[in-house]
Amino acid sequence: NTVNFSPPYGTTIITGGTDDNHDFNNVVMVITYSNNPFDVVTYDMDIDGNLTLTAGRFSPTTNVYLAGNLIISATTVQDTDDTGDLIFDGVGLQTITNSVGETAAIAEVQISNTSADGVRMDNAVAFSNFIVNAGTKFNCNGNDLTIKGAFTVDVTGTFITGNNTVTFSP
């Protein structure tokens, strides 16, 4: 099942937490006016399927745990300074698809997927703060990556670039 959050002026989500009684399968964010936020407050959000960002500001106050793939399908998606991260915590290969070429930083990201495949980019993408945690793997897969904040790779984490450019910009 897919839950669509599509109010024209933004939305605030208060979830019950990340246990099995409060998780989501697939989530689609469609906010008509791109300057309005998609905010997750009070408790962390757990998405067992995919997160699709089609418009609006992804600005969680708490963490959003993603076990599926991240799909960016519009050039009107952006991030704001917030306190929550998008945490990739799947148990198999997770992908990041940005087929529309969005260049704004779309999230503060942590890689916590400890599978052998880890997280792989399928297109160029930009993130705010970016952390590769201990024992995890992130593969740019030859795609350009822009970091517009802090960049941290744990000594036991793996960051694979390939034939691409990693750009650090304010």
Side-chain angles (χ1 to χ4, degrees), residues 13 15 17-20 22-29 38-40 43-54 57-73 77-170:
I13 299 168
T15 72
T18 58
D19 60 78
D20 287 337
H22 295 98
D23 52 358
F24 293 83
N25 190 16
N26 296 307
V27 172
V28 178
M29 180 184 86
F38 176 84
D39 191 9
V40 180
Y43 298 103
D44 291 345
M45 180 181 209
D46 186 19
I47 303 171
D48 291 339
N50 298 330
L51 172 60
T52 303
L53 304 176
T54 62
R57 284 187 295 125
F58 182 70
S59 59
T61 304
T62 61
N63 292 329
V64 175
Y65 292 86
L66 178 63
N69 302 318
L70 174 62
I71 302 160
I72 304 162
S73 61
V77 175
Q78 51 189 297
D79 179 39
T80 57
D81 291 330
D82 48 49
T83 55
D85 291 346
L86 176 60
I87 300 173
F88 288 83
D89 69 344
V91 295
L93 174 65
Q94 292 180 265
T95 60
I96 300 168
T97 303
N98 180 22
S99 59
V100 294
E102 174 61 89
T103 58
I106 54 95
E108 295 176 8
V109 170
Q110 286 189 47
I111 307 301
S112 292
N113 177 328
T114 58
S115 74
D117 293 319
V119 178
R120 181 190 74 214
M121 290 172 39
D122 285 344
N123 309 91
V125 71
F127 293 123
S128 298
N129 298 331
F130 184 83
I131 300 170
V132 177
N133 288 318
T136 65
K137 177 177 163 182
F138 184 84
N139 186 349
C140 290
N141 197 33
N143 296 292
D144 292 343
L145 174 65
T146 302
I147 304 296
K148 297 184 176 185
F151 176 77
T152 306
V153 178
D154 184 87
V155 67
T156 63
T158 303
F159 179 78
I160 301 168
T161 57
N163 188 18
N164 68 318
T165 303
V166 178
T167 303
F168 299 94
S169 71

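- Remark: the backbone N or O of G135 is paired with a side-chain donor or acceptor of T156 at under 3.5 angstrom.
- The shortest distance between side-chain heavy atoms of L86 and N63 does not fall below 4.5 Å.
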Applying side-chain hydrogen bond (donor to acceptor under 3.5 Å, both in side chains) to N69 and Q94, what does each step give before you reach the verdict? CA-CA 5 Å; N69 302 318; Q94 292 180 265; 5.7 Å; no
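- The CG atom of N26 sits 7.0 Å away from atom OG1 of T52, with the distance rounded to the nearest 0.5 Å.
- Within the 4.5 Å cutoff, side-chain heavy atoms of V119 are placed close to those of I96.
- Side-chain atoms of S115 and D117 form no donor-acceptor pair, as typed in the model, at a separation below 3.5 Å.
- Of the possible polar contacts, none joining the N143 side chain to the V125 backbone as a donor-acceptor pair under 3.5 Å is found.
- In this structure, M121 and D144 approach most closely via the heavy-atom pair CE-O, 3.2 Å.
- For the atom pair CD1 (I87) and CD (Q110), the distance works out to 4.5 Å, reported to the nearest 0.5 Å.
- Here CG of D122 is found 10.0 Å from CD1 of I71. Values are rounded to the nearest 0.5 Å.
- Checked against S112 for a side chain to side chain donor-acceptor pair (under 3.5 Å), the options D89, T136, D85, N133 give a single hit: N133.
- Between the side chain of N98 and the backbone N or O of A124, at least one donor-acceptor pair lies under 3.5 Å.
- With hydrogens and angles ignored, the 3.5 Å screen pairs no side-chain donor or acceptor of N141 with any backbone N or O of R120.
- Expressed to the nearest 0.5 Å, how far CG of D44 lies from CD1 of I47 amounts to 11.5 Å.
- Annotation: the span from N113 atom CG to L93 atom CG amounts to 8.0 Å, rounded to 0.5 Å.
- Aromatic ring pairs are classed by plane angle as parallel below 30°, tilted from 30° to 60° and perpendicular above 60°; the pair F159 and F130 is perpendicular.
- The only option from T152, I111, D154 that meets the side-chain contact (heavy atoms from CB on, under 4.5 Å) definition with V132 turns out to be I111.
- The side-chain heavy atoms of N129 and F127, taken from C-beta on, include no pair separated by under 4.5 Å.
- Counting only distance, with no hydrogens or angles, the side chain of K137 and the backbone of A116 share a donor-acceptor pair below 3.5 Å.
- Taking every heavy atom of both residues into account, K148 and A126 meet most closely at CE-CB, 4.3 Å.
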Show your working on side chain to side chain contact (heavy atoms under 4.5 Å, CB included) between M45 and Y65 and close with a plain yes or no. CA-CA 6 Å; M45 180 181 209; Y65 292 86; over 6 Å; no
Show your working on side chain to side chain contact (heavy atoms under 4.5 Å, CB included) between F88 and L70 and close with a plain yes or no. CA-CA 9 Å; F88 288 83; L70 174 62; 3.9 Å; yes
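- Pairing each heavy atom of S169 with each of T146, the nearest pair is OG-CG2, 3.8 Å.
- Nearest heavy atoms, T161 versus C140: O-CB, 3.4 Å.
- Taken to the nearest 0.5 Å, the CG atom of L145 stands 8.0 Å off from the OG1 atom of T167.
- Nearest heavy atoms, Y43 versus T62: O-OG1, 2.9 Å.
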